[in-house]
Amino acid sequence: MTLPDVVFGFGTHPRVDEAPELLRMAERADRDGLDLFSLSDHPYLGERLDAYSALGFVLGRTRRLSGFANVTNLPTRPAPMLARAVTSLSALSGGRVVLGMGAGGLWDRIADMGVERLAPAAAVEAFEEAIVLVKALSGGGSPVTHHGRHHRVDGIGPAPVPAPPVWTGSVGPKSLAATGRVADGWIPGHAADWLSERYLKGRAVIDAAAEEAGRDPREIRTVYNLPGRITDRPLAATRDRAGRWIGGSAAQWTEELTGAVLEHGASGFMLFSPEGGTPEPASVERWAGEIVPAVREAVEAARGRAASH
């Protein structure tokens, strides 16, 4: 399955007791034409659903919706096993999987899981090496032997399934450069959007690293985790004093996101609640039923006009 040029989805942080609601939201989003859902991956939190168990279950209950961990807690998931998990999910779902990847952020809690603590530079090395290894263990071909600094396999046959797209949650310059060299997409950290300094500086690092590696930077998506309210009436201001998006009416969302695609090259949006957590079901329904179709139509119309000139 190939994802559209611009994708729309919603993000969740589901607790175990919220499993029925997660399934209802995903099934509704599937019917309403959204492209993606995502789940956070914090295995040290006992009240949360395991991201990959939930991902597989939801994919089995939907028909067109793709899913991913936003982002995978790599230190707790060995790269060879992660490769097996995502290629199996891809085979079972018809390719409806993205591999979200992170180097690991909350190292105190990660270490509580019995994982060896890595210094920041080593964590980024392990992150980049893992992306390369996951791709090597996908798509068939000869057995893979890899003796890296952080990951090792000996004569392991790749799965006969293409590697899913890899989107990272990179924040620091070394991690951003790794994204430019080996990943397929970037989700800016801290819900930064296309007008933020964090995005502008981070994207410049990614593009420079991609070019140095002989890649076309335009092939690396930018997909935004976007918290915000969907209101019945227009807001006087859709951004706060710090310039962060806070939301607005469906028409205000449509105008903002259309501009993000056409003027800033945005290629995806994941709706979150204003507090950064799982959005209310009613908000997801308005997102899928009002805003997403309007943005798709506006982008298609603008591109059609450009092509005719």
Side-chain angles (χ1 to χ4, degrees), residues 1-7 9 11 35-36 38 40-41 51 55 66-75 77-80 82-83 85-87 89-90 95-105 120-139 146 148-151 158 161-190 192 194 198-225 265-270:
M1 178 178 177
T2 301
L3 287 168
D5 179 46
V6 182
V7 295
D35 303 300
L36 287 161
S38 73
S40 58
D41 188 18
L55 181 60
S66 296
F68 69 106
N70 190 355
V71 290
T72 302
N73 192 302
L74 176 64
R77 300 185 186 275
L82 182 60
V86 294
T87 52
L89 287 170
S90 182
R96 294 185 289 125
V97 178
V98 172
L99 175 55
M101 285 284 277
V124 172
E125 289 176 352
F127 159 81
E128 182 170 2
E129 191 180 314
I131 294 173
V132 172
L133 183 55
V134 167
K135 291 187 174 185
L137 289 171
S138 311
H146 174 91
R149 295 188 62 183
H150 303 279
H151 307 285
V161 178
V166 178
W167 299 351
T168 77
S170 296
V171 175
K174 291 183 178 179
S175 181
L176 290 164
T179 294
R181 287 190 292 268
V182 300
D184 308 299
W186 177 46
I187 305 167
H190 306 287
W194 46 95
R198 180 182 295 276
Y199 161 73
L200 295 171
K201 289 184 175 180
R203 187 70 214 202
V205 174
I206 290 171
D207 291 353
E211 290 176 349
E212 188 174 348
R215 305 181 67 200
D216 184 347
R218 293 173 297 181
E219 295 178 358
I220 303 171
R221 292 178 180 259
T222 306
V223 178
Y224 297 93
N225 289 339
S267 54
F269 309 94
M270 303 296 295

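For reference, positions follow the sequence shown, starting with 1. These numbers come from a predicted model, not from an experiment.
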Chemist: Which pair of heavy atoms, one from Pro164 and one from Leu99, lies closest together, and at what distance?
Modeler: CG-CB, 4.0 Å
Chemist: Would you check if Ser175 and Thr168 make a side-chain contact, meaning some heavy-atom pair closer than 4.5 Å?
Modeler: no
Chemist: Nearest heavy-atom pair of Leu55 and Gly67: which atoms, and what distance?
Modeler: CD1-C, 3.5 Å
Chemist: Can you say whether the rings of Tyr199 and Trp186 are parallel (under 30°), tilted (30 to 60°) or perpendicular (over 60°)?
Modeler: parallel
Chemist: One pair to check against side chain to side chain contact (heavy atoms under 4.5 Å, CB included): Val98 and Val223. What are the steps and the verdict?
Modeler: CA-CA 12 Å; Val98 172; Val223 178; over 6 Å; no
Chemist: So, using side-chain contact (heavy atoms from CB on, under 4.5 Å) as the criterion, who are the partners of Ala210 when residues are at least two apart?
Modeler: Arg215, Pro217, Ile220
Chemist: Do Val166 and Val134 touch side chain to side chain, with heavy atoms closer than 4.5 Å?
Modeler: no
Chemist: Main chain of Ser267, side chain of Arg221: is a donor-acceptor contact present, judged purely on distance under 3.5 Å?
Modeler: yes
Chemist: Looking at every heavy atom in both Arg77 and Ala51, which two are closest together, and how far apart are they?
Modeler: NH2-N, 4.1 Å
Chemist: Enter the distance from Met270:CE to Phe68:CZ here, rounded to the nearest 0.5 Å.
Modeler: 4.5 Å
Chemist: With rounding to the nearest 0.5 Å, note down the distance linking CE in Met101 to CG in Asn73.
Modeler: 10.5 Å
Chemist: Which atom names give the shortest non-hydrogen contact between Leu82 and Leu74, and what distance separates them?
Modeler: CD2-CD1, 4.2 Å
Chemist: How are the rings of Phe269 and Trp194 set relative to one another: parallel (under 30°), tilted (30 to 60°) or perpendicular (over 60°)?
Modeler: perpendicular
Chemist: Nearest 0.5 Å, please: how far is NZ in Lys201 from CG in Leu176?
Modeler: 12.0 Å
Chemist: Holding to side-chain contact (heavy atoms from CB on, under 4.5 Å), I want the full list of residues that pass it with Ser66, two or more places apart in sequence or in another chain.
Modeler: Met1, Leu3, Leu36, Arg96
Chemist: Identify the heavy atoms of Phe127 and Thr179 that sit nearest to each other, and give their distance.
Modeler: CZ-OG1, 4.4 Å
Chemist: Within a radius of less than 6.0 Å around NZ of Lys135, do more than 12 heavy atoms belonging to other residues, nucleotides or ligands occur?
Modeler: yes
Chemist: Testing the 3.5 Å rule here: is there a donor-acceptor pair between the side chains of Thr222 and Arg203?
Modeler: yes
Chemist: Provide the closest heavy-atom pair for Ile187 versus Val71 in the form atom of the first, atom of the second, distance.
Modeler: CD1-CG1, 4.3 Å
Chemist: Report the C-alpha separation of Glu129 and His146 in whole Å, then their side-chain angles, then the decisive distance to 0.1 Å, and conclude whether the side chain to side chain contact (heavy atoms under 4.5 Å, CB included) test is met.
Modeler: CA-CA 10 Å; Glu129 191 180 314; His146 174 91; 3.1 Å; yes
Chemist: Could you tell me which residues satisfy side-chain contact (heavy atoms from CB on, under 4.5 Å) with Ser40, sequence neighbours excluded, listed by chain and number?
Modeler: His13, His42, Arg48
